[in-house]
Amino acid sequence: MTMKTKLYHHLQSTTTKNPQWNTLLREAANKSLFTKALSLYLHMLRSGASPNAFTFPFAIKSCAALSLPITGKQLHCHVFKTGCLLEPFVQTSLISMYGKCSLIDNARKLFDENPQSRKLTVCYNSLLSGYALNSRVKDVVVLFCEMRELGVEINGVTMLGLVQPCGIPGNLGLGMCVHGFCVKFGLDMDSSVGNCLLTMYVKSGEIDCGRKLFDEMPRKGLITWNAMINGYAQNGLANNVLELYKEMESKGFCPDPLTLVGVLSSCAHLGALSVGKEVERKMEGFGFSSNPFLNNALVNMYARCGNLKKARDIFDGMPVKSVVSWTAIIGGYGMHGQGEVAVELFDEMIRGGIKPDGTAFVSVLSACSHAGLTNKGLDYFGVMERKYGLRPGAEHYSCMVDLLGRAGRLNEARELIESMQVRADGALWGALLGACKIHRNVELAELAFEQSQVKHSKNKKDFSGHWLQEPNNNSSR
DNA sequence: CTAGGGTTAG
């Protein structure tokens with residue numbers, strides 16, 4: 001091949017093949033085939049074609065979805081070299097990628113480096129959603145105020161960034177204020193904003209507010225129904241879940257995996273095995289059988305309903321087991337008196353390289369407690385903070401009090417309570433009271449009873465929302 | 001830029 005033909009081939013590949021690569025990349029990313037999208041991008045580079053402003057966003061999006069910050073940073077370099085950084089489509093995808101990879105400061109830097117950012121709603125929106133994802137509530141509010149001061153248009157996506165972080169406990173006051181803003185901007189009936197507000201209320205435990213909003217929403221979509229169903233499920237209102245699920249089906253909506261997750265978890269709580277089995281058949285019928293969320297919920301459902309064999313079969317058949325899958329099966333063995341199996345599984349999980357979280361420790365500690373494996377439980381409790389850096393919460397102390405209490409080691413239980421750094425809750429006093437009853441310790445029982453009667457407030461710290469001024473009718477929109 | 005999900009003692 002002569003120099004001339006080489007050059008010709010090169011030119012042809014960069015000019016005529018570029019649109020083809022872009023199309024393939026876009027299609028892969030839009031189908032959520034992110035690994036494929038990234039490998040297409042690499043193929044493209046190797047073939048000599050040069051990426052452009054229509055290439056980068058899809059590659060960057062794929063990094064964000066796969067949580068690959070290092071590849072993301074490399075893409076940032078490529079963007080810089082090709083001079084596409086000022087393209088809003090490219091810039092917003094980079095900001096979003098940094099936000100999703102928890103590199104929010106990089107996102108901010110990118111936003112600040114481009115003076116054009118402060119004129120565009122989409123740039124603000126991408127940074128807002130990054131702050132929201134990283135629970136940086138104050139930054140969200142400050143940025144929103146800045147938008148209003150500069151007169152940048154506010155749209156539904158802006159409000160999503162504002163509403164999302166209000167679902168975390170303690171932010172409900174701000175959330176209600178934000179809801180007011182949505183109404184004033186006429187965006188509360190925007191379906192995504194409405195769904196987001198609904199989720200915010202149910203996550204804050206304000207299930208009645210959520211239901212009111214749900215009933216008022218004029219155009220309820222599948223996501224709306226799912227948000228309400230899962231809201232009930234997360235608040236332990238399992239009967240409401242089944243009722244609403246029935247209503248949803250009667251209205252002709254077809255459930256998707258998210259619907260069925262909430263329904264299955266409620267079946268688990270109610271011990272409603274027959275409904276659970278019906279859901280399992282539906283899963284198979286709709287082709288959701290390999291959904292890991294649904295399989296975790298299914299393992300939990302069978303375990304809680306007492307069918308440990310079925311739970312174990314599903315668990316064993318799962319190709320990828322997360323800490324949630326392990327927690328479900330460990331808890332299942334634990335609550336049915338097979339603490340030895342639960343402990344073995346817990347150790348097997350650790351040997352397999354899965355890091356236990358606070359919930360996994362709750363399930364193994366309670367398994368030890370039920371099976372009388374007192375010292376084993378004490379070992380786990382010790383290792384929890386020392387080895388895994390997990391600070392025990394009230395729920396862990398409750399398990400420990402239960403564990404020590406059942407073993408008759410009431411003084412140790414008492415000492416443990418006295419040494420606690422977290423506030424005791426009703427469950428802890430209940431566990432102590434139960435132990436006192438078994439071991440006939442009247443004096444300690446009196447104390448436990450007294451304490452268990454104290455109302456344990458849910459620690460709802462309200463933001464006053466005074467950072468936000470009332471919106472003027474003449475600004476924005 | 002873009003709304004909804006699984007596991008947790010008593």
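Sequence lines set the chain letters: A, B, ... in the order given, protein chains first and strands last, and positions in each chain run from 1.
For the OP1/OP2 pair of B:dT2 and a distance below 4.0 Å, the side-chain nitrogens and oxygens of A:Asn155 include no atom meeting the criterion. Here A:Gln91 does not reach the OP1 or OP2 of B:dC1: none of its side-chain N or O atoms lies under 4.0 Å away. Side-chain N/O atoms of A:Arg304 include one lying less than 4.0 angstrom from OP1 or OP2 on B:dT8. Within the structure, every side-chain polar atom (N or O) of A:Lys220 is placed at least 4.0 Å from both OP1 and OP2 of B:dA3. Proximity of A:Asn230 to the phosphate of B:dG5: no side-chain N or O atom is located under 4.0 Å from OP1 or OP2. Under 4.0 angstrom from either OP1 or OP2 of B:dG10 there lies at least one side-chain N or O belonging to A:His370.
No N or O donor and acceptor, one from the side chain of A:Thr259 and one from the base of B:dG5, sit under 3.5 Å apart. For A:Asn291 against B:dG6, a side-chain-to-base donor-acceptor contact under 3.5 Å is absent.
Sorted by first and then second residue, the pairs that involve residues 362-381 of chain A and meet salt bridge (Lys or Arg N to Asp or Glu O under 4.0 Å), not counting sequence neighbours, are A:Asp347-A:Lys376.
Among B:dT8, B:dT7, B:dC1, the nucleotide with an atom closest to any side-chain atom of A:Ser265 is B:dT7. In the set B:dG5, B:dA3, B:dA9, B:dA3 carries the atom at the smallest distance from any side-chain atom of A:Leu160. Closest to the side chain of A:Ser192, from the set B:dG6, B:dT8, B:dA3, is B:dA3. Distance from the side chain of A:Ser129 is smallest to B:dT2 among B:dT2, B:dG5, B:dA9. In the set B:dC1, B:dA3, B:dG10, B:dC1 carries the atom at the smallest distance from any side-chain atom of A:Lys61. Between B:dA3, B:dG10, B:dT7, one nucleotide has an atom nearer to the side chain of A:Arg406 than all others, and that is B:dG10.
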Requested in this report: Begin from the C-alpha positions of A:Tyr98 and A:Arg108 and carry the test side-chain hydrogen bond (donor to acceptor under 3.5 Å, both in side chains) through to its verdict.
Outcome: CA-CA 9 Å; A:Tyr98 281 127; A:Arg108 179 75 207 210; over 6 Å; no
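Salt bridge A:Asp313/A:Lys309: present, at least one basic N to carboxylate O contact under 4.0 Å.
Stacking of A:Lys321 on the aromatic ring of A:Phe315 is recorded, both the 6.0 Å distance cut-off and the 45° axial limit being met. Taking the ring axis of A:Phe214 as reference, the NZ or CZ atom of A:Lys220 stays within 45° of it and closer than 6.0 Å to the ring centre.
Near DNA chain B, meaning a heavy atom under 4.0 Å from it, residues 94-102 of chain A has A:Ser96, A:Lys100 in order of number. Of all the residues in residues 332-366 of chain A, A:Thr359, A:Val362, A:Ser366 reach under 4.0 Å from DNA chain B with at least one non-hydrogen atom.
Nucleic acid contact class of A:Phe89 (heavy atoms, under 4.0 Å, all strands): sugar-phosphate only. Using a 4.0 Å heavy-atom cutoff across all strands shown, A:Pro88 reaches no nucleic acid atom at all.
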